[in-house]
Each structure stands twice: as C-alpha cells, then as structure tokens.
Amino acid sequence: MIKITLPDGSIREYESGISGMEIAESISSRLAKDVLSISVDGEVWDLSRPVTKDATIRLYTWDDRAGKETFWHSSAHLMAEAIEFFFPGTKFGIGPTVDTGFYYDIDLPAGQQISEKDLEKIEKKMLELAREKRDIVRSEISKDDALKMFGDKGDVLKLELISELADGTITIYNQGGFTDLCRGPHLPNTGYIKAVKLTSIAGAYWRGNEKNKMLTRIYGVTFPKQKMLDEYLALIEEAKKRDHRKIGKEMELFTFSQAVGQGLPLWLPKGAMLRQRLEDFLRKVQKKYGYEQVITPHIGQKELYVTSGHYAKYGQDSFRPISTPQEGEEFLLKPMNCPHHCEIFKWKPRSYKDLPIRMAEFGTVYRYEQSGELHGLTRVRGFTQDDAHLFCRPDQLKDEFKKVIDIIFIIFKALNFEDYTAQISLRDPNNPIKYIGSAENWEKAERAIVEACEEKGLKTVTELGEAAFYGPKLDFMIKDALGRSWQLGTIQVDYNLPERFDLEYIGADDKRHRPVMIHRAPFGSMERFVAVLIEHTAGKFPLWLTPEQVVVLPISEKYNDYAKSVLNYLNNSDIRAIIDDRNEKIGRKIRDNELKRIPYLLVVGEQESESQSVSVRKQGEGDKGSMSVDAFIEFINAEVKEQLSSFYN
RNA sequence: GCUGAUGUAGCUCAGGGGUAGAGCGCUUCCUUGGUAAGGAAGAGGUCGCGAGUUCAAAUCUCGCCCUCAGCUCCA
C-alpha cells in the first residue's frame, strides 16, 4: 500500500501502481470525468501512469493551467497526425502550448505549401481522429532506439532534439498510427477533444534562430466543449471591435503619419484633451501626496547616460547620439527621466529632514523599438511616462510604498479597473552576487514591499529571481472587461542610480548617507494607458474623462436657437457639450450620436423650449425623462463626483 | 531586424495593361420630422513612393516606405 496526500492535506491509502485516473474515480465520478492530468510530487504526469510510492498529488482539470496545457499538448499531437495524413513526409519540429492553445512547427515536403484554406480540412480530420477515442500511450525508450525510430522516418528536426537529450530520459507517445517524441504529459485518449479551431499560419525559425531554416508554424486552439469554442470565438470578435487602433481612429483620438515616422503617435485634439484630463487628475492626486512637479529637457549629454549605465547597456541598440557643430559634443534623446531627476536631487545639499523628496514629471522619452514590434499606442518609439522618483531614507521605504499603492488604487477606482493583482519581484536567493546594494538593504526593501502590500490588502503573487539587478519591484496587472490581462504601473526600488550618481544626504548623525530611490509610474505611459483604457471601455470612457459628455439634439431647425442657448449654458457651466444641428430627423441624430459614444443626449423641441427644460437620454439606456437644465447640470456633476469619490474622500 | 500578407476617396472596401468604382461621411436643395438610418443632386482620388518594361502602367517587374500577423527583442 502507498500513501497519497491530497491538496487539502488528507491522506488516502491505495495499492501501489494505482493510476491518477483511478485515484480520481475513487474520489468522485464527477472528478473522474473532468480530470485531465495529475501532478505527483510536483511533476505533472499522465493519468494512466502508475504511482508506485508515497506521494503528494494534485488532480488538474480544465480550470487549472496544467490541465489546459495537457489538453492542448495532446491537441498539438492530434494536429500533427492530421497534417501527416494530408502531407506525408512532413518533418515535425516542436509543438508546445501557448497562453491560449498551441502550435506546431513543421517542415513540409519540398514543393508543398499549406494555406489558410487547408486549415479547415485539417480541423475536420482532427475531429474525426478525436472521435475514434484512441488511447495515447506513453513509453520510455533508449536514445539509440529513438534515434533509429526517427532516423527511419527521416525526421531530421526530431533527431536534432533527441541528440541533445540524455539517455534514459526519452519518452515517446503514440496514438493510433502516430508517434511523437515528447516529454508529456498527455490526455488518456483523443476523445476529450471536442472542438477545434486552427487560428493562423505563420513563419518561424527553427529554434527561434534566424540563421536556421524557416518552418511553418500552425496555431490552433481546442476545447472540451463546442460551446467553449463558440464563446472563445465571440471573445476574439469582441476584442477586434475594441481594438484601440480602430476606436482611436473612429473617435479621432490619435493618428500616425508616415512622414513623421513610425511609432511616433500624433495626438488629435480630442485625444489630447482626454490625455490632459488624465494627467491633470494624476497631478492633483500627486500634489495631495506631496509630490513636486519638475520639468526636464528631452535630450541630455551622452555622458549623463554613460554615468547612469544606460549607454553601455542600450546605447548600441537605440537612437544614435545627436552631434552638434562643436567637435566632440554628443547628446542623446532621453530614454528615461531618472538621470535628469538625479541631477535635480544633486542640485543642492540635502538633509535627512528634506526626505522623502518626491519628484514628478510627465516626461517624454524615446526608445528605439524594433520596427516589427511597434503596435498602435501600446508599443511606440516616443511616449510620455507619468514618471516620479522618490528619494528617501531606507526606513521610509515602506511608508512611501504604501502611499504609492494608495495612488494606484485611486486611479483604478476612478477608471473602473476592479480586477487587479500585483506581482512582487524579489531576488533569486541562489544567486545573491547578481545584485547591487547591500544584503541588509535588500532585505529591508523586500520586507517593506511585502508588508506594504499586506497592510494595503493587495492580492499579490511573489516571484523569486524576477527583481532587477538594481532593486526589487512591484508590478500591477489589471484585467479588462474582456478578462484580458494588462501590465500597467510599476513601483521599483533602485540602489544603483543613487550609487552611480553619488547621491547623498546628511543624516541626523551629521554623516553622509545614500538615499534609496523609488521609480514609479501608475499609468506606465500615457500612450499605453490610453490604449488599455480604450480596450477596457470600448471607447465608452467614464463621464469625468470622456472628450464629449453631452450632445444637444434639436428636433427640427426651428429649435436650433433654443438648443444653442442650452449648449452655451452647459459650456459655461464646465460641461463638455456639443450640438448636432444638422438638418436630419431626431431618430437619425440619436443613432449617430449613440454611435459616437457620447454619454448624454439632450433632445429639445417644442415642449422643452416652452418649459426651458431638456429631455435626457443616456447612452445605451434610452429615455430618462425631462428636467430643467440646472437639474441636469447638477445631475452630471454628481455623477462625476461619484466617479472621483476615492480621490475626494 | 527577419518571414509572409497588405497599401485604391475622410472611413470601410470592390476592381484591374487603354486614364477610376460602391456604401458611409461631406456640401447644396427638398423635407421640419419626438427617441437608433427621410429623399435628391454635387464635390472629392498622381490608385503608398521611386525606377523599369510598354504605343499605353493604378494594374506587369524591381527597389524603398508604411500597415498587419507571426518570430526575435524590450531601460
């Protein structure tokens, strides 16, 4: 008998050699139906593999990442089998899982090509093969046998992989007529796979190296239920509709120009207004938290970045230095604001009583991103960070961290990001020499971050070894309305720059001390944040932020004068309103302005002009009845105040 | 940066060796309408840029640029 420890700590006894599936069956028939793989002492196994010693196990279903990975891994094999059916002689590279689904890199026989049109027939074949419910069988083989097996097939890619594996660790999996080199684990049989969608074909170099042969990569995703696939496809459709590049164009927020250059966004009037409102909001919040705004130039001497270390690390792969008529003078477009802020810190002697110093700037920086990497506003070559640097004493670190977390909470609340988590990145305990700064300071800083998060009740995951060499950090991830994750703001401790810039303050002991620096940017960058906000809200921004809050719609031209007087009154009351006095029917005006995502539509005609009122229609919700213009203004202001309540309270 | 696809009116797109098309938008006129598309007429384009082939190129060829997808990268 062997002892099996379950995740809840309970221990069950079984005959040695029991399989994961049998354990699941002994727990519940429901679990046996849902289970996809098992972890045995931390290693993920097939359900059919016998457990022969005491172990701690965990059963994985579709709800677990490991379960999905098992499912998609088997799906990759199934796809490979279907491809081999249509394209005999295809050589197979690797077929791993990705965030959503899997891919397989293949090398088609000479002269053959696979196109989008082929995907459908491969999908059909996969489903046909899946329905046969063939067992997926694992076997361990020797290296010689593996080399012989794939050598006979002429599968040179697999031979290369096998040659790098140690003898005794090689496993293969077989389903029906298809055998693949694979570490596993896999589903018990192919019948679990009920829905298949092959999403795209792309080129990819063998082993990611552009000197190697270009293979064909086929991406796919599979599900245990057709309904899940339908939902997935609907989500993709919705994501396309919300693409910030599309909405940004429709709402006239930003554009790009070939003449200006790729990756250099041009903010249009409405986009600029929106961005400015975001900046003003953060400025106000920061003022309340004791930040001081500074302004620094867009370029700096090359030497500045040699001092900071950025030139050595990134100088070769970024914008080249700008030279001047003066011999030997070189300037760089600033890739970050920190060196400038360090120089402001150094401007005069600092006392421990002056700390913390909180220096904020909406600082525009320029980084040369590879052209293929540029994407809308999320990845650009010139962008503005909502940057700030806090210079503090080591004992102030925790308090400062908590205050930064407060600011981030205020922002999330004001913008309806309700689902967020944070990642704490700490040192790799096995590699302490990698990091600059004393072990004592590191410990202090790491503890400060962990405690600050706990005290603020933040949901966190901790990753060891993810810290930068110069300090630990905290990154915020938000989930948008479609459940997609985005990395936003970051708070980063830095021991490196204070050292490099020789920053110091005079302590209570009248001795010189090194301050700790915190970099933080709640939005990350204005560009990226606006992009995320567009995709989160589908362009329906909160009332306080949206470029146009209200549109006045006269029923006919007879009421244009009254509509204009309402418009003026609203504008004079700091409501952002426009008028639609086109010669169109009211139904048409309502439709067009609903599609423009304007939150409030005010219909005015004979009744309203007589009673000096407006008929209110809320975007997406329909008619709300009529009220006086003053009552409407009060109503709008109350809504704005509610949205910003976390700041004003 | 690499591989592939793409680039036609403000937008979404069709067409294709003989000098340019639709829908929406815009302008004007008719209509003056009460909560998601009223009607008519009109203006608007070096067909991404540059070379080549041809009697003739938006169309074919080559080079470049942008955009998109994937790869690689990301202070």
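Note on naming: letters A, B, ... go to the chains in the order of the sequence lines (proteins, then strands), and numbering restarts at 1 for each one.
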Whole-Å gap separating P (A37(B)) and CG (Asn593(A)) = 13 Å
key: Distance between P atoms of A37(B) and G70(B) (Å, rounded)   = 37 Å
query = Is any side-chain N or O of His375(A) closer than 4.0 Å to OP1 or OP2 of U67(B)?
reply = no
request  = Specify the separation, in whole Å, of atom CD1 of Ile590(A) and atom P of A36(B).
outcome  = 6 Å
ask   = To the nearest Å, how far apart are Leu266(A) CG and U67(B) C1'?
value = 15 Å
message = Between the side chains of Lys473(A) and Asp475(A), is the shortest nitrogen-to-carboxylate-oxygen separation below 4.0 Å, so that they form an ion pair?
response = yes
message = Under a 3.5 Å cut-off for both contacts, is C11(B) paired Watson-Crick or G-U wobble with anything, and if yes, with which nucleotide?
response = G23(B)
inquiry  = Checking contacts here: which listed nucleotide (G34(B), G1(B), U32(B)) is nearest the side-chain heavy atoms of Tyr368(A)?
reply    = G1(B)
query = How far, in whole Å, is C47(B) from C60(B) if one measures between their C1' atoms?
reply = 15 Å
query = Expressed in whole Å, how much space separates the P atoms belonging to A56(B) and G18(B)?
reply = 14 Å
query = Glu608(A) side chain: which of U72(B), G34(B), G33(B) is closest?
reply = G34(B)
ask   = Of the candidate nucleotides G38(B), U12(B), A36(B), which contains the atom at the shortest distance from the side chain of Glu584(A)?
value = G38(B)
note = By the Watson-Crick or G-U definition, both distances under 3.5 Å, U6(B) is matched with none
message = So Arg381(A), base contact, sugar-phosphate only, or nothing? Heavy-atom distance under 4.0 Å.
response = nothing
ask   = For the side chain of Ser371(A), counting heavy atoms from C-beta on, which of U35(B), G33(B), G1(B) is nearest?
value = G1(B)
request  = Give a yes or no on whether a donor-acceptor pair under 3.5 Å exists between the nucleobase atoms of A36(B), that is its base, and the side chain of Arg617(A).
outcome  = yes
message = With no hydrogens and no angle check, just 3.5 Å: does a side-chain donor-acceptor pair link Lys558(A) and Ser609(A)?
response = no
Nucleotide of U35(B), A36(B), A75(B) approaching Ser615(A) most closely (side-chain heavy atoms) = U35(B)
request  = Provide, to the nearest angstrom, the distance between the NZ atom belonging to Lys241(A) and the P atom belonging to U12(B).
outcome  = 17 Å
inquiry  = Please report the distance separating the C1' of C55(B) from the corresponding atom of U19(B), rounded so that it comes out in whole Å.
reply    = 14 Å
query = Going by distance alone, is a donor N or O of one side chain under 3.5 Å from an acceptor N or O of the other, for Glu361(A) and Tyr291(A)?
reply = no
message = Strictly below 4.0 Å, N to O, side chains only: are Lys241(A) and Glu237(A) in salt-bridge contact?
response = no
note = To the nearest angstrom, the CD-C1' distance between Glu250(A) and G10(B) comes to 13 Å
Under 4.0 angstrom between Gln607(A) side-chain N/O and G34(B) OP1 or OP2 = no
message = When both hydrogen-bonding distances must be under 3.5 Å and the geometry is Watson-Crick or G-U wobble, what is G45(B) paired with, if anything?
response = none
task = Check whether the aromatic ring of Tyr219(A) stacks on the base of G70(B), taking stacking as ring centres less than 5.5 Å apart and planes within 30° of each other.
result = no
Ser371(A) and Glu373(A) side chains, donor-acceptor separation under 3.5 Å = no
ask   = Considering every strand shown, what is the Watson-Crick or G-U wobble mate of U35(B) when both distances are under 3.5 Å?
value = none
task = Round to a whole Å and report the spacing from CD of Glu557(A) to P of G33(B).
result = 11 Å
task = Considering only atom C1', compute the distance from G15(B) to G23(B) and round it to an integer number of Å.
result = 15 Å
ask   = Atom CD of Glu606(A) and atom P of G33(B): how far apart are they, to the nearest Å?
value = 9 Å
query = Using atom C1' of each nucleotide, how far apart are C29(B) and G21(B) to the nearest Å?
reply = 26 Å
task = Determine the contact category for Ile586(A): base if any of its heavy atoms lies under 4.0 Å from a base atom, sugar-phosphate if only primed atoms, P, OP1 or OP2 are that close, otherwise nothing.
result = sugar-phosphate
query = Where each residue is assigned the nucleotide of RNA chain B containing its nearest heavy atom, which of Gly261(A) and Glu594(A) is assigned the position nearer the 5′ end?
reply = Glu594(A)
ask   = Rounding to the closest angstrom, what is the interatomic distance between U61(B) and A57(B) at atom C1'?
value = 11 Å
query = In terms of side-chain heavy atoms of Lys585(A), which of U35(B), G38(B), C71(B) is nearest?
reply = G38(B)
query = Any idea which of A75(B), U32(B), G34(B) is nearest the Asn583(A) side chain?
reply = U32(B)
task = Could you check which nucleotide pairs with U54(B) in any of the strands shown, counting Watson-Crick or G-U wobble with both distances under 3.5 Å?
result = none
remark   = Contacts of Gly605(A) and Glu373(A) projected onto RNA chain B by closest heavy atom; the upstream (5') one is Gly605(A)
query = Rounded to whole angstroms, how far apart are CZ on Arg582(A) and C1' on A37(B)?
reply = 10 Å
Parallel, tilted or perpendicular, as decided by the 30° and 60° cut-offs, for the rings of Trp442(A) and Tyr495(A) = tilted
inquiry  = With rounding to the closest Å, how many angstrom separate the C1' atoms on A9(B) and C24(B)?
reply    = 12 Å
query = So does Gln258(A) get a side-chain nitrogen or oxygen closer than 4.0 Å to the phosphate oxygens (OP1/OP2) of G48(B)?
reply = no
task = Verify whether one side chain among Tyr435(A) and Asp428(A) offers a donor that lies under 3.5 Å from an acceptor in the other.
result = no
inquiry  = Looking only at side-chain N and O atoms, does Arg275(A) offer a donor or acceptor that is under 3.5 Å from a partner on Thr384(A)?
reply    = yes
message = I want to verify a distance call: between C68(B), U72(B), U32(B), whose nearest atom is closest to the Gln370(A) side chain?
response = U72(B)
message = Below the 4.0 Å mark, does G10(B) have OP1 or OP2 next to a side-chain nitrogen or oxygen of Lys249(A)?
response = no
query = With respect to the side chain of Gln262(A), which nucleotide from C66(B), G33(B), A75(B) is positioned closest?
reply = C66(B)
